[in-house]
Amino acid sequence: KTAGFLECSICKPSSLEKEKETYTKWIEQNYHGKMSYLANHIDMKFNPDLLMPGVKSIITVILNYYPVKKMTISDNYRLAKYAYGKDYHDVIKSKLNTIAEKCIAQFGPMQYRSFTDSAPIPDRIWAQKGGLGWIGKNTLLINKEHGSFFFIGHLFIDRDLEPIIKIQEDLCLGCDKCLKACPTQAFIAPYQMDATKCLSYQTIENKSASKDIPPRKFRNTIYGCDICQDVCPFNKNPKSHQTEEFLPHPNLLKLRKKDWQELKPMHFGE
């Protein structure tokens, strides 16, 4: 908590054969589109010991990124809220590495690796197993108290730790707001997504214009999408993050459509 994380869990590593089978079928349906990296290292993805030989405990954390102040949507384009500040990969890995080094200083040598969306790890599955939430109908991890506007990170260590046993049951129940709100019908069914139809995929991963999605359905989105999270009842009263690195540059909040259209490459670092 002193590092700013909302919660953490500890799991014993194990081979996730059932989850691997489900994921493989998803890949075979080509629902990952041009994200070829998702089809790589599948054995490693579902067997932690292949990723870090000798791993004995998996520590999973979640870190809030809901902004203190949101960008206006009037005369503006839309960015996913997670993209407002500095690169979360660097921020979270730095925090996890700091925690690990402090543990080494206090408890003695250990081997570790830190991850956040940076290796073939089924992030949401380990978070769910640790009781940090459930995987909702929009395929995102949802936490009863904290909603879903958070990043997931992991520390793999070669020390035996007592598992933290928590359970969060699926509370989506009869709600289907996220499914109905998706402008591109990216959800094949509850808990299943065709990523190629998702606006996040279309505005980040797909480098060519989509012939299947009319421009009006993009709703001025230019990077990522939060629609299925914004309508989720568990995000009704989100608390703002306390991470300085996630604060947007003041100039970002001032931009309007005309400003975006006139941006030059040199401006992206300002």
Rounded distance [0.5 Å steps], CH2 in Trp26 versus CE in Met193: 8.5 Å
Residue pairs fulfilling ring pair (Phe, Tyr, Trp, His ring centres under 6.0 Å) with at least one residue in residues 175-199, sequence neighbours excluded: none
Results of side-chain contact (heavy atoms from CB on, under 4.5 Å) for Thr196 - residues two or more places apart only: Asp194, Tyr201
Could you state whether Tyr82 and Leu140 fall into the same hydrophobic cluster, counting links through intermediate Ile, Leu, Val, Met, Phe, Trp or Tyr residues with side-chain heavy atoms under 4.5 angstrom apart? no
Checking Lys25 now: which residues fulfil salt bridge (charged side-chain N to carboxylate O under 4.0 Å, His left out) with it, not counting sequence neighbours? Glu21
Note, Asn206 side chain near Lys34 side chain (heavy atom, < 4.5 Å): yes
Give, for atom CG of Leu141 and atom CZ of Arg124, the distance between the pair rounded to the nearest 0.5 Å. 8.5 Å
Going by atom type alone, with no hydrogens or angles, which donor-acceptor pairs under 3.5 Å involve a side-chain atom of residues 147-160 and a protein atom two or more places apart or on another chain?
residue: Ser148; atom: OG; partner: Gln229; partner atom: OE1; Å: 2.7
residue: Ser148; atom: OG; partner: Asn235; partner atom: ND2; Å: 2.9
residue: His154; atom: ND1; partner: Thr60; partner atom: OG1; Å: 3.0
residue: His154; atom: NE2; partner: Asp123; partner atom: OD1; Å: 2.8
residue: Asp158; atom: OD1; partner: Gln111; partner atom: N; Å: 2.9
residue: Asp158; atom: OD2; partner: Gln111; partner atom: N; Å: 3.3
residue: Arg159; atom: NH2; partner: Phe107; partner atom: O; Å: 2.7
residue: Arg159; atom: NH2; partner: Pro109; partner atom: O; Å: 3.4
residue: Asp160; atom: OD1; partner: Lys12; partner atom: NZ; Å: 2.8

Ser114 and Leu96: which non-hydrogen atoms are nearest, and at how many Å? CB-CB, 3.8 Å
Residues Ile99 and Ala3: closest non-hydrogen pair is CD1-CB, 3.9 Å
Spell out, yes or no, whether Trp134 and Ile164 are grouped together once hydrophobic residues are joined by side-chain heavy atoms under 4.5 Å, including indirect joins. no
State, yes or no, whether a side-chain contact exists between Lys257 and Asp259 at a heavy-atom distance under 4.5 Å. no
Between Met110 and Cys103, what is the shortest heavy-atom contact and its length? CE-CB, 4.1 Å
Kindly give the heavy-atom pair with the smallest separation between Tyr84 and Leu252, and that separation in Å. O-CD2, 3.7 Å
Please examine the side chains of Ser240 and Pro67, heavy atoms only from C-beta on, and report whether any two atoms are closer than 4.5 Å. no
Connected via hydrophobic side-chain network under 4.5 Å: Tyr23 and Leu16: yes
Restricting to non-hydrogen atoms, name the atom on His32 and the atom on Ala39 that form the minimum distance, rounded to 0.1 Å. NE2-CB, 4.1 Å
The reported gap from SG in Cys228 to CG in Asn138 (rounded to nearest 0.5 angstrom) is 4.0 Å
Which residues satisfy the salt bridge (charged side-chain N to carboxylate O under 4.0 Å, His left out) test with Lys166, sequence neighbours excluded? Glu7
With the side chain counted from C-beta on, respond yes when Asn143 and Ile62 share a heavy-atom pair under 4.5 Å apart, and no when they do not. yes
Determine yes or no for a side-chain-to-main-chain donor-acceptor pair under 3.5 angstrom, with Ser118 supplying the side chain and Thr116 the backbone. yes
When hydrophobic residues are tied together by side-chain contacts of less than 4.5 Å, even through go-betweens, does Phe218 share a cluster with Val231? no
Counterpart residues, side-chain contact (heavy atoms from CB on, under 4.5 Å), relative to Asp87 (two or more places apart): His89, Asp90
side-chain contact (heavy atoms from CB on, under 4.5 Å) between Lys217 and Leu199, intermediate numbers included: CA-CA 9 Å; Lys217 291 196 173 185; Leu199 290 183; 5.8 Å; no
For residues 69-80, which side-chain N or O atoms pair as donor and acceptor with protein atoms under 3.5 Å away, sequence neighbours left out?
residue: Lys70; atom: NZ; partner: Tyr66; partner atom: OH; Å: 3.4
residue: Thr72; atom: OG1; partner: Ser74; partner atom: N; Å: 3.2
residue: Asn76; atom: OD1; partner: Trp260; partner atom: NE1; Å: 3.0
residue: Asn76; atom: ND2; partner: Thr72; partner atom: O; Å: 2.9
residue: Asn76; atom: ND2; partner: Leu255; partner atom: O; Å: 3.4
residue: Tyr77; atom: OH; partner: Gln261; partner atom: NE2; Å: 2.8
residue: Arg78; atom: NE; partner: Arg219; partner atom: O; Å: 3.0

Closest non-hydrogen contact found for Ile227 with Ala181 is CG2-O, 3.6 Å
Partner set under ring pair (Phe, Tyr, Trp, His ring centres under 6.0 Å) for Trp126, not counting sequence neighbours: none
Tell me, do Thr184 and Cys198 make a side-chain contact under 4.5 Å, heavy atoms counted? no
Is any side-chain heavy atom of Cys225 closer than 4.5 Å to a side-chain heavy atom of Ser200? yes
Step-by-step salt bridge (Lys or Arg N to Asp or Glu O under 4.0 Å) determination, Asp230 to Lys81: CA-CA 10 Å; Asp230 287 331; Lys81 299 175 187 66; 2.8 Å; yes
Gap between atom CD of Gln242 and atom CG of Leu247 - 0.5 Å precision: 9.0 Å
Lys258: which residues meet the salt bridge (charged side-chain N to carboxylate O under 4.0 Å, His left out) condition with it, sequence neighbours left out? Glu262
Check Glu145 with Lys239, please: is the shortest side-chain N to carboxylate O separation under 4.0 Å? no
One should read off an interatomic distance between Ile204 CD1 and Thr221 OG1, to the nearest 0.5 angstrom, of 10.5 Å
If the condition is side-chain contact (heavy atoms from CB on, under 4.5 Å), which residues does Thr243 pass it with, not counting sequence neighbours? Leu63, Val91, Lys95, His241, Glu245, Phe246
Non-hydrogen side-chain atoms of Tyr112 and Asn97 separated by less than 4.5 Å: yes
Candidate pair Glu19 and Lys129, rule side-chain contact (heavy atoms from CB on, under 4.5 Å), full reasoning: CA-CA 12 Å; Glu19 291 85 355; Lys129 284 185 175 295; 3.7 Å; yes
Does atom CD1 of Ile167 have more than 12 heavy-atom neighbours from other groups under 6.0 Å away? no
Common cluster, Leu179/Leu171, ILVMFWY with side-chain heavy-atom separation under 4.5 Å: no
In Å, rounded to the nearest 0.5 Å, how long is the span from CD1 of Ile222 to CD of Gln202? 15.0 Å
Check residues 42-56 and write down every donor-acceptor pair under 3.5 Å in which the side-chain atom is one partner and the other belongs to a residue at least two apart or another chain.
residue: Asp43; atom: OD1; partner: Lys20; partner atom: NZ; Å: 2.5
residue: Asn47; atom: OD1; partner: Asp49; partner atom: N; Å: 3.2
residue: Asp49; atom: OD1; partner: Gly54; partner atom: N; Å: 2.9

Are any non-hydrogen side-chain atoms of Lys137 and Asp170 less than 4.5 angstrom apart? no
Is the NZ atom of Lys177 crowded by more than 12 outside heavy atoms at less than 6.0 Å? no
Could you list the residues that satisfy salt bridge (charged side-chain N to carboxylate O under 4.0 Å, His left out) with Glu205, not counting sequence neighbours? none
